[in-house]
Amino acid sequence: MSLSTARSFLSEACYGEQELDANSALMELDKGLRSGKLGEQCEAVVLFPKLFQKYPFPILINSAFLKLADIFRLGNNFLRLCVLKVTQQSEKHLEKILNVDEFVKRVFSVIHSNDPVARAITLRMLGSLASIIPDRKNAHHSIRQSLDSHDNVEVEAAIFAAASFSAQSKDFAAGICNKVSEMIQGLDTPVELKLKLIPMLQHMHHDASLASSSRELLQHLVNSYPSTPMVIVTLHTFTQLAASSLIDIPKQVLQLLLQYLKDDPRKAVKRLATNDLKLLAKKAPHLWIRENTQTLCECALTSPYNSLKLGMLAVLATLSGTIAIKQYFNNMTGGSSVPPLLTDLVKLAQECCYHSNLAVAAHGVIVLSNIAISCPEKDIVQLEQDTVLGVESLLMLCSQDSSPSTQATLKTALTSLVKLLKNRPHLSQSVVEFLLGQLHLSCDSSRVLMCHALAAIASHLPVLGDGMLGDLVDLYRVASHSSTDKQQELLVSLATVIFVASQSSLSAEVKTVIQQQLENVANGWTVYRIARQASRMGCHEFSSELYQSLRTRVASEHFYFWLNSLKEFSQAEQCLSHVEDGDYSGAMSAIAEALRSYQKGIASLTAASTPLSPLTFQCEFIKLRIDTLQALSQLICTCNSLKTSPPPAIATTIALTSGNDLQRCGRIAMQMKVCMDEFRSLAARYADLHQSSFDADYATLRNVELQQQSCLLVSHVIEALILDPQAASFQEYGTLGSVQTESEYERLMMSVFSRVLEEVEGLTKKHPPVSHLHTGCLCDAVIALLKVPLSFQRYFFQKLQSTSIKLALSPSPRTPSEPIPVQSSQQLTLKVEGVVQHGTTPGLFRKIQSVCLNVTSVLQSKTGPDYKIPLDTKTNEIEQRVEPHNDYFSTQFLLNFSILGTHTVTVEASVVDESGIEWKTGPKTTVSVKSLEDPYSQQLRHQLQQSGAQPAPQRSAYARF
């Protein structure tokens, strides 16, 4: 295995190789480090970050960093620079170094070199290690000494190291603060050096006195050094210090920045002030009083420069979405509201909405729409109209231009518009008409964004869908004449809006129009995306046809089976769409037909899975759908059994004799109880699926929740109508109709839930169970649920967030089948280490707050005699929560194996998100432990056996106390 082999091993993207492979790669890199050629040594050094990414556990990282420290100690300056870059790239792995003292000792030895460059690289290395050695006095002393060096390279490195240690160590920051102050104020310190020293003061926030002295120094510098570079650096450091300490922001920093923004004529200073004000607006909007916002508005109104006006509007746009906007519209003296239209903020926003600079106009629109949303409706009727007109004029300007900056402006304007319409739905009709008219006149990239906005509006207000459909279909006929990327994107976006507007019922004419365009110019990926959207919106007949056409156009059998399974699922759901109200036998036939397609589809789906893409969620979701349909079919059969097997004439007498009131209903009561238990079991399985889908988007999770709620609804209806009418309560379901819904599927499901509960509540009050009215109500509920077309959400097709946990246990067996030996009188310390691995967009939907580790042990086979052992020593069950730091966590468990024999220890990981919700993500790791009798107990037992006495219980860890 050569260095190139190690490089090819480390370049692979997948995880899960054996530890031996990682060690082999480390050995090959070590050979490269010991090579006589400088090029090979450098190549080996720069490959280390990939090794850390591949195998991010401490035992290997510790060995690797010690080897790098040797190279740093013995190599030349170029090699030292390479090691420094590797250390800075691998910052998240530094805390996994076990022998920190040895590592630092090898690195630190270079600080005594006569070469100032070598000392400078060492100082930067120490600064990069500040997170793991914040209070090393020898490092502190070396940094202090190097600040007095006559070599500029060494002084700059010392400043970098001092800033790093100041951020990490309170003691170092307190000790170095006076020296830095003296250097900054010293007349012999060059201005260039002062500019590099001043930013160090932003880290002096560890206590109030330190922060106060730093603020006083910065205030003095602002007044004493009026040159542009000094003012810019000092103000920015002042802002950073205030943002970290959150003390004196309104009193000093805000007023200081606003004063410079208002009075200083230099554009560079004004630009710096606006950037820092934006930082404070994000960090602490609650500290902005009305006078601060008013001053900013006045500056923006009087500024003749577009770039500065844009910066100030960006600050106001940030503030307008926070509590600061409410503080602005309340008078400081009385508390009576100021009419919004008369304020400078509204005047500024209205003026900017029609500005010739599109970016300025976009920020004006954001401010105006945020004001319209946050103010009471009675005050802003005119303001709403002004906002809509401003957005429409901006859309007309942007829609013809396909440049990236214009498209970014258009996206901003449409986002603000959708947000406004969500809060003020009465404005939607005129806006939709305007957008539909503008679609015909716009360029393709603008059309795509407008389609996204129309889809969002139609999702929130489905009543507008029918009015859109005619214009959208007309546009689709002429939408695409070429196969460019934008044209393909437009086909998908337009089709999505049509599906949303059609509300899962596509007419034959619409299908024909879309299919003609797809046949003419669409590529296979575009067709698949449109089919995917059709499945999401419940247009299953159309999606089935598209999947059918795509099956033979893919390059691998896995893709073929995937498309074939989607076709079968769409056909299955299409069968259920033909169910009619009251047609119970037709419903059973439709379910049977759907189940046939689903069984074919699940077979194809299983064939489509690969080790790298196991399709776990998809398979489990479809299995649950199959079981739900079977349970619904069984429920209809059970309801029909009231006709084929009614209660006997003596049912009432039997009920009175046995004391079981359910006997009055005859055979159907027990069958209904079985059905109810089945639906509760399905609801529990849906809950498990929800809990295991940590990476799913919100719409997919809501979809799973709705499936779970439908199963719970059916079980509740069975109980309320037949099994226990007296105990059934409808109060907890009373608010279903008023819940804010996000999609057409959710809206339909919620309306079905409300309607079914109303019918059941009315029936339970009028008629005792069980009659054909009760079974008819149950069957009607089943049909109502079947008629809602199932929505296949994004996570079924696409995983935007990927999170996995990799565990390592120690001690670990030499071979997987070999158990770990432990004496019964001792306890085993099991160390569990883990790393959290992310995809390309970590934390997109939710982030890991902590990892919950559950360790259990089960006795598999017993080898010793059976003594009376305390019950708590037979099993181990321990749970711990650990918070990962830099995606790494480690903890230990103390396990007792006092019973001789082989035990299986299982370690299962689950994660807790920022909301405190636990997710069963796995993995689950098992290890075998063999409990052996200790020599003392063995000798004692032999002695007792030879003397013929009854053997005493074996010695255990508990026998010592």
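In this text, all values refer to a predicted model and were calculated from it rather than measured experimentally.
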Asks: Counting C-beta onward and ignoring hydrogens, is there a side-chain heavy-atom pair between Leu420 and Val388 closer than 4.5 Å?
Replies: yes

Asks: The criterion is side-chain contact (heavy atoms from CB on, under 4.5 Å); which residues satisfy it with His355, sequence neighbours excluded?
Replies: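 Listed in chain order: Asn306, Lys309, Asn357, Val360.
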
Asks: Whether the Asp276 and His236 side chains hold a donor-acceptor pair (N or O, under 3.5 Å, no angle test) is what I'd like checked.
Replies: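 On atom types as modelled, these side chains qualify, holding a pair under 3.5 Å.
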
Asks: Asp401 side chain to Cys398 main-chain N or O, any donor-acceptor pair under 3.5 Å?
Replies: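 No; zero donor-acceptor contacts below 3.5 Å.
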
Asks: If the plane angle is over 60° it's perpendicular, under 30° parallel, otherwise tilted; pick one for Phe48 and Phe52.
Replies: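 Ring orientation of Phe48 relative to Phe52: tilted.
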
Asks: Counting C-beta onward and ignoring hydrogens, is there a side-chain heavy-atom pair between Leu261 and Leu308 closer than 4.5 Å?
Replies: no

Asks: Can a donor-acceptor pair be found, under 3.5 Å and without considering hydrogens, that links the side chain of Ser169 to the backbone of Ser166?
Replies: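 Side chain of Ser169 to backbone of Ser166, a donor-acceptor pair under 3.5 Å: no, none is there.
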
Asks: Can you confirm whether the side chains of Gln259 and Gln255 place a donor and an acceptor under 3.5 Å from each other?
Replies: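 There is no such pair between these side chains.
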
Asks: Does His220 NE2 have over 12 foreign heavy atoms under 6.0 Å away?
Replies: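 Correct, the count exceeds 12.
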
Asks: Once rounded to the nearest 0.5 Å, what's the spacing between atom CZ of Arg447 and atom SG of Cys451?
Replies: 8.5 Å

Asks: Measuring from atom SG of Cys352 to atom CD1 of Ile366, what distance do you get when rounded to the nearest 0.5 angstrom?
Replies: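 Between Cys352 SG and Ile366 CD1, I get 12.0 Å after rounding to 0.5 Å.
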
Asks: With a 4.5 Å cut-off on side-chain heavy atoms, are Leu348 and Asp344 touching?
Replies: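 Not touching, per the 4.5 Å side-chain cut-off.
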
Asks: Using modelled atom types only, decide if a donor and an acceptor are shared between the side chain of Gln168 and the backbone of Pro134 within a distance under 3.5 Å.
Replies: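 Not a single qualifying donor-acceptor pair exists.
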
Asks: Take Ser113 and Asp115, measure what side-chain hydrogen bond (donor to acceptor under 3.5 Å, both in side chains) needs, and give me the verdict at the end.
Replies: CA-CA 5 Å; Ser113 168; Asp115 181 4; 5.3 Å; no

Asks: Does any N or O in the side chain of Lys194 come within less than 3.5 Å of the main-chain N or O of Ile184, such that one atom is a donor and the other an acceptor?
Replies: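 Answer holds: yes.
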
Asks: Give a yes or no on whether the backbone of Leu221 and the side-chain of Ser224 come within a donor-acceptor separation of less than 3.5 Å.
Replies: no

Asks: By side-chain contact (heavy atoms from CB on, under 4.5 Å), which residues pair with Val222, not counting sequence neighbours?
Replies: Thr234, Leu235, Tyr260

Asks: Could you grab the distance from atom OH of Tyr698 to atom CZ of Arg846, nearest 0.5 Å is fine?
Replies: 5.0 Å

Asks: Shortest non-hydrogen contact from Ala372 to Arg424?
Replies: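 In terms of heavy atoms, the two residues are closest at O-NH2, 2.9 Å.
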
Asks: Using 0.5 Å steps for rounding, measure from the CD1 atom of Ile373 to the CG atom of Leu421.
Replies: 9.0 Å

Asks: We want to know whether Ser446 and Gln407 form a side-chain donor-acceptor pair, criterion being a heavy-atom distance below 3.5 angstrom.
Replies: yes

Asks: Just to verify, what does Ala324 make a side-chain contact (heavy atoms from CB on, under 4.5 Å) with, not counting sequence neighbours?
Replies: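 Listed in chain order: Trp288, Leu319, Thr322.
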
Asks: What do you reckon, is CZ of Phe78 surrounded by more than 12 foreign heavy atoms closer than 6.0 Å?
Replies: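 No, because the 6.0 Å sphere around CZ of Phe78 holds 12 heavy atoms or fewer from other groups.
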
Asks: Start with the C-alpha gap between Ser393 and Cys353, add the side-chain angles, then the distance that decides, and say whether side-chain contact (heavy atoms from CB on, under 4.5 Å) holds.
Replies: CA-CA 8 Å; Ser393 66; Cys353 280; 5.7 Å; no

Asks: For Ser131 and Glu95, run side-chain contact (heavy atoms from CB on, under 4.5 Å): C-alpha distance rounded to whole Å, both residues' side-chain angles, the deciding distance at 0.1 Å, then the answer.
Replies: CA-CA 8 Å; Ser131 59; Glu95 63 182 25; over 6 Å; no

Asks: Any chance you could measure His205, atom NE2, to Leu210, atom CG, to the nearest 0.5 Å?
Replies: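 Answer rounded to 0.5 Å: 9.5 Å.
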
Asks: Would you call the rings of Phe165 and His140 parallel, tilted or perpendicular, where under 30° means parallel and over 60° means perpendicular?
Replies: perpendicular

Asks: Just by distance, do the side chain of Lys270 and the backbone of Asp264 share a donor-acceptor pair under 3.5 Å?
Replies: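 Yes, because the side chain of Lys270 sits within donor-acceptor range (under 3.5 Å) of the backbone of Asp264.
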
Asks: Check the pair Lys85, Val46 against side-chain contact (heavy atoms from CB on, under 4.5 Å), reporting the backbone distance first and the verdict last.
Replies: CA-CA 8 Å; Lys85 293 296 182 186; Val46 299; over 6 Å; no

Asks: So Lys326 and Ile323, do their side chains get closer than 4.5 Å, heavy atoms only?
Replies: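 Yes - at least one pair of side-chain heavy atoms lies under 4.5 Å apart.
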
Asks: Does the Arg144 side chain pair with the main chain of Lys179, one donor and one acceptor, at a distance under 3.5 Å?
Replies: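 No; zero donor-acceptor contacts below 3.5 Å.
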
Asks: Side chains of Leu316 and His363, heavy atoms from C-beta outward: is any pair under 4.5 Å?
Replies: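 Sidechains of His363 and Leu316: no contact.
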
Asks: Any side-chain to backbone donor/acceptor pair from Thr189 onto Met183? Under 3.5 Å, distance only.
Replies: yes

Asks: Check for a donor-acceptor pair, side chain of Ser212 on one end and backbone N or O of Ser209 on the other, with a separation under 3.5 Å.
Replies: no

Asks: Yes or no on salt bridge (charged side-chain N to carboxylate O under 4.0 Å, His left out) for Arg119 and Glu154, after CA distance, side-chain angles and deciding distance?
Replies: CA-CA 7 Å; Arg119 294 199 301 271; Glu154 187 175 357; 2.8 Å; yes

Asks: Any donor and acceptor pair, going by atom type alone, linking the side chain of Arg80 with main-chain N or O of Phe72 inside 3.5 Å?
Replies: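 It does hold such a pair.
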
Asks: Quick check for you: to the nearest 0.5 Å, what is the distance between Leu217 atom CG and Cys177 atom SG?
Replies: 7.5 Å

Asks: Can a donor-acceptor pair be found between the side chains of Ser146 and Ser149 at a distance below 3.5 Å?
Replies: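 On atom types as modelled, these side chains do not qualify, holding no pair under 3.5 Å.
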
Asks: Do Ser128 and Glu91 pass the side-chain contact (heavy atoms from CB on, under 4.5 Å) test, and can you show the C-alpha distance, the side-chain angles, and the key distance before you say yes or no?
Replies: CA-CA 8 Å; Ser128 304; Glu91 186 182 0; over 6 Å; no

Asks: Any side-chain heavy atom of Lys196 within less than 4.5 Å of one from Val155?
Replies: no

Asks: Could you check if a side-chain atom of Phe108 sits within less than 4.5 angstrom of a side-chain atom of Leu126, using non-hydrogen atoms only?
Replies: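 Sidechains of Leu126 and Phe108: in contact.
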
Asks: Quick check: closest heavy atoms across Ser369 and Ser416, and the distance to 0.1 Å?
Replies: OG-CB, 3.6 Å

Asks: Taking the side chain as every heavy atom from C-beta outward, state whether Leu218 and Leu241 have any atom pair closer than 4.5 Å.
Replies: yes

Asks: Flag yes if more than 12 heavy atoms outside His112 fall under 6.0 Å of its NE2 atom; otherwise flag no.
Replies: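 Atom NE2 in His112 is packed in, count exceeds 12.
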
